[in-house]
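Below is one structure, written out as structure tokens; comments come after it.
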Amino acid sequence: MSDMRLSLCSSCQGERDRDQGAERAAVSDALARAGLSGRVELVEHACFGACATPVALALQGPGRASYVFSDLDVVADADDIAATCRVYLDSPGGWIADARPCGRLRQCLLARIPAYST
């Protein structure tokens, strides 16, 4: 079981000039280089409501905040995506207080949603 889910939008079009298989491979490779392969489940999901600024992705984890990022070039941003996953996993409750290690993704944040607790 993974510690978090990284969801790539499967319906974003916009400036997307690479196939989704290449994007998935680039992110998988970056996660492996970061030592996160077993900790991050990489999935595809249609539409995160960021159609005006594709490509979007989301980070989620049990008991953790959720994030949506948009305006990404998934292949070019793959290392920053992996770095953001690392910061997310290292942050209490997934709440990222210092986004500088996230690289370009810190400028692509669309939404940050606190964890739901009962």
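Residue numbers start at 1 and run along the sequence shown. In this text the structure is predicted, and so the values were computed from the model without any measurement.
- Taking every heavy atom of both residues into account, Glu41 and Ser2 meet most closely at CB-OG, 3.3 Å.
- Leu105 pairs with exactly one of Asp71, Leu59, Thr84 by the side chain to side chain contact (heavy atoms under 4.5 Å, CB included) rule, that one being Thr84.
- Closest approach of Ala83 and Pro101 over heavy atoms only: CB-O, 3.4 Å.
- In terms of modelled atom types and a separation under 3.5 Å, the side chain of Ser11 and the main chain of Cys47 share a donor-acceptor contact.
- Ser70 is linked by a side-chain hydrogen bond (donor to acceptor under 3.5 Å, both in side chains) to Thr53, counting only residues two or more places apart in sequence or in another chain.
- The two residues Ser37 and Ala32 have their closest heavy-atom pair at OG-CA, 3.2 Å.
- Rounding to the nearest 0.5 angstrom, the gap separating the CG atom in Leu110 from the CZ atom in Phe69 is 9.5 Å.
- Side chains of Val40 and Asp3 form no contact here, defined as non-hydrogen atoms less than 4.5 Å apart.
- Considering only heavy atoms from C-beta on, Leu57 stays 4.5 Å or farther from Val68 through its side chain.
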Before giving the answer on side-chain contact (heavy atoms from CB on, under 4.5 Å), spell out for Gln60 and Ser66 the whole-Å C-alpha distance, their side-chain angles and the decisive distance to 0.1 Å. CA-CA 5 Å; Gln60 298 172 290; Ser66 295; 3.7 Å; yes
Carefully, step by step, assess Met4 and Leu89 under the rule side-chain contact (heavy atoms from CB on, under 4.5 Å). CA-CA 8 Å; Met4 65 167 286; Leu89 289 167; 3.8 Å; yes
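- At least one donor-acceptor pair closer than 3.5 Å links the side chain of Arg106 to the backbone N or O of Gly103.
- Considering all non-hydrogen atoms of both residues, Ala46 and Cys9 come closest at C-SG, 4.4 Å.
- Hydrophobic cluster membership is shared by Val87 and Val27, with clusters built from Ile, Leu, Val, Met, Phe, Trp and Tyr side chains linked at under 4.5 angstrom.
- Taking each heavy atom of Arg112 and Ile96 in turn, the nearest pair found is NH1-O, 3.1 Å.
- In this structure, Trp95 and Ile113 approach most closely via the heavy-atom pair CZ3-C, 4.2 Å.
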For Leu42 and Leu8, what are the C-alpha separation, side-chain angles and deciding distance, and is it a side-chain contact (heavy atoms from CB on, under 4.5 Å)? CA-CA 8 Å; Leu42 179 59; Leu8 295 175; 4.0 Å; yes
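- Residue pairs meeting the side chain to side chain donor-acceptor pair (under 3.5 Å) criterion with at least one member in residues 74-83, sequence neighbours excluded, are Arg33-Asp79, Asp77-Arg104.
- Looking only at side-chain heavy atoms (C-beta outward), Leu6 and Val43 stay at 4.5 Å or farther from each other.
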Check step by step if side-chain contact (heavy atoms from CB on, under 4.5 Å) holds for Tyr88 and Cys102. CA-CA 9 Å; Tyr88 179 75; Cys102 298; over 6 Å; no
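- Ring planes of His45 and Phe48: tilted class, angle from 30 to 60°.
- Expressed to the nearest 0.5 Å, how far CZ of Arg64 lies from OG of Ser91 amounts to 7.5 Å.
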